[in-house]
2 protein chains.
Amino acid sequence: MKRILIIEDDVSILSGLKDVLTFKSYDVLTAEDGESGYAAAVEEKPDLIILDIMIPKMDGFTLCRKLRAEGNSTPVLMLTAKGEEPDKIQGLDIGADDYVTKPFSLPELLARVRVLLRRMPERAKKNLPDSIKIGDVSLNFKKYEAHKRDMVLNLSPKEFGILRFLASRMGEVVTRDKLLDEVWGYDLYPTTRTVDNHIAQLRIKIEKNPADPRYLVTVHGIGYKLELDKE
Amino acid sequence: MKRILIIEDDVSILSGLKDVLTFKSYDVLTAEDGESGYAAAVEEKPDLIILDIMIPKMDGFTLCRKLRAEGNSTPVLMLTAKGEEPDKIQGLDIGADDYVTKPFSLPELLARVRVLLRRMPERAKKNLPDSIKIGDVSLNFKKYEAHKRDMVLNLSPKEFGILRFLASRMGEVVTRDKLLDEVWGYDLYPTTRTVDNHIAQLRIKIEKNPADPRYLVTVHGIGYKLELDKE
DNA sequence: TCGAATCATTACAGAATTTTTACAAAATTA
DNA sequence: TAATTTTGTAAAAATTCTGTAATGATTCGA
């Protein structure tokens with residue numbers, strides 16, 4: 001389920017929006033000022049932020065620019081009041097992805113929300129590689145194809161996800177919880193044993209000797225890591 | 001420098017817009033009716049088209065639909081006459097990327113122009129061939145024709161759209177949501193199951209054995225992809 | 001206005017994947 | 001070494017995903 005963070009100090013708008021979006025089966029988070037909104041954006045990693053410009057403590061422009069400056073590319077849908085410091089919108093390229101002018105029509109806002117959420121997946125994969133090679137196994141994440149030498153290797157989405165994330169932190173140990181967070185996502189929390197099972201499956205598929213893994217290495221008490229040059 | 005084509009018959013709006021956009025360092029082209037506007041869109045390949053609906057010779061809807069039918073994905077910002085929601089919605093249905101209602105506020109228009117241009121790179125990636133061959137089926141996207149061996153193959157617009165988009169990302173997996181976004185468009189949101197049905201229809205039409213597809217391949221848990229050389 | 005074509009929804013069976021569970025094996029600790 | 005914690009993994013159970021047929025809605029053109 002997609003998560004939407006609304007940052008808006010006008011409580012009537014906030015609760016109205018929240019109700020509608022909740023009814024549309026989105027998971028809604030809220031904040032009523034810029035500072036707590038910023039914190040929520042960073043910590044909760046929503047899939048979309050609906051951001052009013054005129055909010056206490058930190059205005060929407062600043063908030064949005066701050067996120068972008070940090071490389072956060074969560075889609076932002078701005079709520080601007082008509083005649084609200086138009087020069088600012090005009091003069092600054094603040095990095096919002098879309099705008100709605102208050103008072104807005106609900107269908108229009110929903111349409112824009114849908115569009116932004118659909119475009120999302122593109123951006124999400126930040127420093128994740130498109131393809132990697134692990135020993136004689138090569139992976140292509142765009143095609144979702146895996147080959148072992150010339151043979152096609154059948155990997156499940158989770159297996160692809162795990163390898164992709166581990167590859168993005170090549171050589172670093174990653175905890176099971178971190179993997180669940182990144183590969184599974186916020187709203188699903190299987191046990192950490194589930195991770196072990198997937199790792200075991202992966203070893204069968206990509207290691208020469210699954211009982212003595214060279215690439216998918218266990219770090220006892222911590223988690224797993226992907227190594228390419230174990231001697 | 002980004003090039004913007006304005007198609008608008010109201011000369012006062014046209015020249016006003018042109019001045020502002022030129023001042024903002026865009027390269028501005030203009031046309032005052034649908035036919036010359038269409039020609040300019042095709043020949044000049046602008047980065048963005050600002051398109052009024054009520055224009056002589058060919059209205060904005062038709063023009064936009066015509067471009068999209070040919071696979072032209074230049075972002076289109078519609079100018080809709082002050083008025084009803086239905087107009088707006090329809091504007092987005094036909095493949096426009098955004099719209100502004102007249103009389104519009106300049107800052108808002110500029111903001112939307114920036115947003116659309118920023119989105120561009122994602123779009124531009126489309127390297128759509130004029131025609132492709134899938135097994136013994138050949139498709140011509142320019143002419144909107146499909147043949148199976150010598151026989152004419154009747155494909156619906158959606159079917160064409162799906163194939164065209166998949167072909168533009170040959171070999172890459174595309175999610176159902178992405179397909180809905182690109183083929184169905186802004187304001188339509190059928191369920192993802194709808195995509196499955198169209199894929200099933202397509203398989204019947206282009207695969208030798210629809211139950212074991214060689215070209216229109218499912219990637220379980222992710223989406224579909226078009227492959228040309230599965231052995 | 002009617003009919004044909006297209007499109008969307010729904011339902012459900014069968015696949016495929018994911019999660020849980022259980023227990024053995026290994027590593028760590030004291 | 002014994003106790004404890006952690007990991008590996010097989011197998012069962014649960015869940016999710018896909019294919020597809022049937023049905024209804026919508027659109028478009030004659």
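Quick note on labels: first sequence line is chain A, next is B, and so on, each numbered from 1.
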[X] vs [N]: side-chain N/O to OP1/OP2 distance below 4.0 Å:
| X | N | result |
| --- | --- | --- |
| Ser156(A) | dT18(C) | yes |
| Arg203(A) | dG8(D) | yes |
| Trp184(A) | dT18(C) | no |
| Thr191(A) | dT20(C) | yes |
| His198(A) | dT19(C) | yes |
| Tyr224(B) | dG19(D) | yes |

| said: What contact category does Thr194(A) fall into here, base, sugar-phosphate, or nothing, at under 4.0 angstrom with non-hydrogen atoms? | reply: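 Here Thr194(A) touches the bases of the nucleic acid.
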| Base, sugar-phosphate, or nothing: which does Pro210(B) touch, judged by heavy atoms less than 4.0 Å apart? | nothing
In whole angstrom, what separates [X]'s [atom1] from [N]'s [atom2]?
| X | N | atom1 | atom2 | result |
| --- | --- | --- | --- | --- |
| Glu207(A) | dT9(D) | CD | C1' | 15 Å |
| Glu159(A) | dT9(D) | CD | P | 14 Å |
| Lys158(A) | dC17(D) | NZ | P | 8 Å |
| Arg176(A) | dT5(D) | CZ | C1' | 12 Å |
| Phe160(A) | dT17(C) | CZ | P | 11 Å |
| Leu216(A) | dG8(D) | CG | P | 10 Å |
| Ile199(B) | dC17(D) | CD1 | P | 17 Å |
| Lys205(A) | dT18(C) | NZ | C1' | 12 Å |

Among the candidates [options], find the nucleotide nearest to the side-chain atoms of [X].
| X | options | answer |
| --- | --- | --- |
| Ile204(A) | dT7(D), dA21(D), dA10(D) | dA10(D) |
| Pro190(B) | dA16(C), dA8(C), dT9(D) | dA8(C) |
| Arg193(A) | dT17(C), dT18(D), dT9(D) | dT9(D) |

Under-4.0 Å salt bridge between [X] and [Y]:
| X | Y | answer |
| --- | --- | --- |
| Asp181(B) | Arg114(A) | no |
| Glu172(B) | Lys178(B) | no |
| Lys205(B) | Glu159(B) | yes |
| Glu8(A) | Lys102(A) | yes |
| Glu43(B) | Lys45(B) | no |
| Asp130(A) | Arg164(A) | yes |

| Pro157(B) or His220(A): which one's nearest nucleotide on DNA chain C is closer to the 5' end? | Pro157(B)
| Does the dA21(D) base have a donor-acceptor partner in the side chain of Asn197(B) within less than 3.5 Å? | yes
| note | Note: for Gln201(B) and Ala200(A) on DNA chain D, the residue whose nearest nucleotide lies more 5' is Ala200(A)
